[in-house]
2 protein chains.
Amino acid sequence: MVTIASVAEIASLAGDPARASMLLELMDGRALTSGELARAANVAPQTASGHLAKLAKAGLVTIRAQGRHRYHRLASARIAEMLESLMKVAAESRGASALRTGPRDANLRAARTCYDHIAGRLGVALADSLVERGHVVLDDESATLTNSGAAFFARLGLNAPDETPLTCRPCLDWSERRSHLAGRLGAALCRHCLDQGWVRRSRDSRALSVTPSGMAAFDKLFGVVRGTDSRPWRLKA
Amino acid sequence: MVTIASVAEIASLAGDPARASMLLELMDGRALTSGELARAANVAPQTASGHLAKLAKAGLVTIRAQGRHRYHRLASARIAEMLESLMKVAAESRGASALRTGPRDANLRAARTCYDHIAGRLGVALADSLVERGHVVLDDESATLTNSGAAFFARLGLNAPDETPLTCRPCLDWSERRSHLAGRLGAALCRHCLDQGWVRRSRDSRALSVTPSGMAAFDKLFGVVRGTDSRPWRLKA
DNA sequence: GCGATAGTTCGGCGGCGGCCGTAACGTTCC
DNA sequence: GGAACGTTACGGCCGCCGCCGAACTATCGC
């Protein structure tokens with residue numbers, strides 16, 4: 001059974017500011033070293049190391065040693081979903097919003113990864129495109145791929161690694177407050193975009209940058225083009 | 001924005017065993033008094049009062065005063081979803097399972113509410129029935145009502161309170177480790193069962209008991225009948 | 001009114017746990 | 001081999017927070 005103690009233990013692991021920083025930093029699915037995470041959490045390396053050991057012991061993160069580095073990543077998509085739902089509650093708990101600024105945030109808002117799929121303006125614009133074309137039915141709590149959508153993605157040559165069906169789910173995002181596409185379909189689409197070189201991961205953050213070939217592809221396939229500073233990606237009218 | 005501190009704060013609220021007990025006790029959507037919650041958490045009333053004040057201040061629970069009682073309930077379905085995802089992670093974190101016994105647990109496993117929908121064996125059996133008849137497509141991460149399903153529920157006279165579409169989502173449950181039906185459809189179905197007197201809430205727990213008229217209705221409409229002790233509800237072959 | 005019950009507030013105790021200094025250990029690079 | 005970097009281990013400090021005893025407030029029933 002799921003004991004109360006075990007639930008409390010998981011929650012309290014995420015309940016420490018330093019550990020929460022690290023977990024959120026890992027939310028994009030990258031593998032980061034202890035040093036990077038220590039800097040992100042603003043604590044000494046030894047402290048970070050201790051935290052990471054606890055997180056690993058509880059199964060929240062996995063560690064892969066490589067050379068003199070140890071790479072840490074979230075152990076599963078479920079962990080990311082849990083953090084996501086904590087963020088949702090945190091967002092509506094306080095007076096919320098308190099909109100933010102700064103160039104780094106602007107890049108994040110434009111396009112970023114959310115564990116394994118694309119979020120931010122770009123993620124929302126892509127989802128809007130799929131909805132408008134009838135490929136996906138989307139609302140706050142459910143998302144469904146239509147027949148035309150299945151055909152569309154098959155034409156794209158985008159398949160699940162194994163033969164599991166490409167289901168999807170909505171993901172309500174903090175920056176856009178709109179649902180975008182997550183689940184296996186969202187992950188496959190994100191992977192495809194990276195594989196094709198349409199987007200590139202930024203070096204030290206969750207932000208994604210769109211390459212020239214990506215701009216062409218997004219325009220041609222999704223009707224998604226560059227917009228204004230406040231809406232960096234939008235659906236062509 | 002969602003600050004790291006606010007995420008950590010929410011998580012640490014759920015990270016204390018006493019508060020976690022109370023929150024999980026409220027998972028079925030009932031409104032409980034401070035005293036009941038104090039007993040559930042095994043702490044003195046003053047302690048519970050302090051915890052509940054914190055939970056209320058953070059917006060996790062709402063308090064309604066009525067006479068000399070103060071009724072507490074989860075503030076929203078989002079809070080319940082957050083707790084649900086914490087339970088999922090807790091379940092797979094430890095060696096998991098550690099199956100459980102006791103008559104109280106047996107009742108809970110048979111049928112209970114999970115915030116606003118039906119869970120336990122009964123919930124899974126109902127979901128199985130809907131899937132088998134092609135009314136719903138269900139997997140781990142997505143759930144969709146089919147046309148025949150929409151017609152079926154319309155015949156049942158089961159509608160959303162307002163005219164929002166009856167979408168649904170899967171809910172992976174700790175006792176059955178199977179997906180069952182949540183979301184607006186799950187909530188509407190649960191409400192319908194209660195309204196029709198097919199099930200009744202137990203007095204002091206999340207358990208549901210099925211009435212004689214409920215047995216007839218579940219058999220006729222869903223092909224769900226009483227089974228063995230270990231599988232109290234099952235689909236008629 | 002008065003006692004009984006439900007609930008909150010206050011104060012002080014006690015312990016857990018996060019933090020860093022120091023130091024040892026392991027790996028990598030030159 | 002030795003220096004540099006990164007991670008791990010230990011010890012002690014400090015602060016936060018959960019806990020309960022006791023006192024205070026509010027509501028109900030007679």
Side-chain angles (χ1 to χ4, degrees), chain A residues 3-26 30-58 60-73 93 203-204, chain B residues 3-26 30-73 203-204:
Chain A
T3 63
I4 289 164
S6 66
V7 171
E9 190 194 326
I10 299 293
S12 80
L13 281 171
D16 174 78
R19 285 191 296 258
S21 302
M22 299 181 187
L23 289 171
L24 294 184
E25 193 72 15
L26 292 169
R30 284 176 308 164
L32 301 178
T33 64
S34 309
E36 292 170 311
L37 290 168
R39 246 170 291 127
N42 238 324
V43 293
Q46 327 80 288
T47 305
S49 183
H51 285 311
L52 289 167
K54 286 185 193 179
L55 293 174
K57 188 170 179 197
L60 296 189
V61 306
T62 58
I63 306 185
R64 189 168 46 98
Q66 186 171 314
R68 59 179 164 183
H69 295 287
R70 299 187 57 175
Y71 288 96
H72 303 260
R73 61 175 8 156
S93 162
R203 199 188 299 244
D204 55 355
Chain B
T3 62
I4 288 163
S6 67
V7 171
E9 189 193 328
I10 298 294
S12 81
L13 281 171
D16 174 79
R19 284 192 296 260
S21 302
M22 301 182 187
L23 290 171
L24 294 184
E25 193 72 14
L26 292 170
R30 284 177 309 164
L32 301 178
T33 65
S34 310
E36 291 170 311
L37 290 168
R39 243 171 293 125
N42 239 323
V43 293
Q46 334 69 294
T47 306
S49 182
H51 284 312
L52 289 168
K54 285 183 194 182
L55 293 174
K57 188 170 179 196
L60 295 189
V61 307
T62 58
I63 306 185
R64 191 168 45 99
Q66 187 170 316
R68 58 179 164 181
H69 294 288
R70 299 186 59 177
Y71 288 96
H72 302 260
R73 61 176 7 158
R203 205 209 267 262
D204 56 355

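Order of the sequence lines sets the chain letters (A, B, ...), proteins ahead of strands, with each chain counted from 1. What you see is a predicted model; the values in this text were computed from it and never measured.
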Would you tabulate the pairs of protein nitrogen or oxygen atoms and nucleotide nitrogen or oxygen atoms of nucleotides 12-19 of chain D closer than 3.5 angstrom?
residue	atom	partner	partner atom	Å
D/dG18	OP1	B/Arg19	NH1	2.9
D/dG18	OP1	B/Arg19	NH2	2.8
D/dG18	OP2	B/Lys54	NZ	2.6
D/dC19	OP2	B/His51	NE2	2.6

Open item on the list: With a 4.5 Å cut-off on side-chain heavy atoms, are B/Thr62 and B/Arg73 touching?
Closed with: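 Answer yes - side chains close enough.
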Task: Note, B/His72 side chain near B/Ile63 side chain (heavy atom, < 4.5 Å) - done: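 Answer yes - side chains close enough.
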Task: Between CD on residue A/Glu25 and CD1 on residue B/Ile4, distance to nearest 0.5 Å - done: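 If we round to the nearest 0.5 Å, A/Glu25:CD and B/Ile4:CD1 are 7.5 Å apart.
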Task: Approximate separation, where rounding is to 0.5 Å, of B/Leu60 CG and B/Leu26 CG - done: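 CG of B/Leu26 is found 10.5 Å from CG of B/Leu60.
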Can you name the atoms? Protein N/O to nucleotides 28-30 of chain D N/O, anything below 3.5 Å, with the distance.
none

Task: B/His69 NE2 to D/dT27 C1', straight-line distance once rounded to whole Å - done: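 After rounding, the gap between these two atoms is 9 Å.
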Task: A/Leu37 CG to D/dT7 P, straight-line distance once rounded to whole Å - done: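 Rounded to the whole Å, the gap is 9 Å.
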Task: side chain to side chain contact (heavy atoms under 4.5 Å, CB included) involving B/Ala5 - partner list, sequence neighbours excluded - done: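 Counting only residues at least two positions away or on another chain, B/Ala5 forms a side chain to side chain contact (heavy atoms under 4.5 Å, CB included) with B/Thr3.
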Under 3.5 Å donor-acceptor pairs involving side-chain atoms of residues 36-47 of chain B, not counting sequence neighbours:
residue	atom	partner	partner atom	Å
B/Glu36	OE1	B/Thr33	N	2.8
B/Glu36	OE1	B/Thr33	OG1	3.2

Search all heavy atoms of [X] against all heavy atoms of [Y] and return the closest pair with its distance.
X: A/Ala58; Y: A/Leu13; answer: CB-CD1, 3.3 Å
X: A/Leu23; Y: A/Leu55; answer: CD2-CD1, 4.1 Å
X: B/Ser34; Y: B/Ala48; answer: O-CB, 4.4 Å

Open item on the list: Test: side-chain hydrogen bond (donor to acceptor under 3.5 Å, both in side chains). Region: residues 12-23 of chain A. Which pairs qualify, not counting sequence neighbours?
Closed with: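 Those involving residues 12-23 of chain A are A/Arg19-A/His51.
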Task: OP1 or OP2 of D/dG6 under 4.0 Å from side-chain N/O of A/Ser34 - done: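 Negative; the distance criterion is not met.
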Task: Relative orientation of the end axes in the helix from C/dG1-D/dC30 to C/dC30-D/dG1, expressed as an angle to the nearest 10° (five pairs per end) - done: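 End-to-end axis angle: 30°.
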- [ ] Would you grab the first and last nucleotide of DNA chain C (5' to 3') that comes under 4.0 Å of any non-hydrogen atom in chain A?
- [x]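 Here the contact window of chain A covers C/dG18 to C/dC29.
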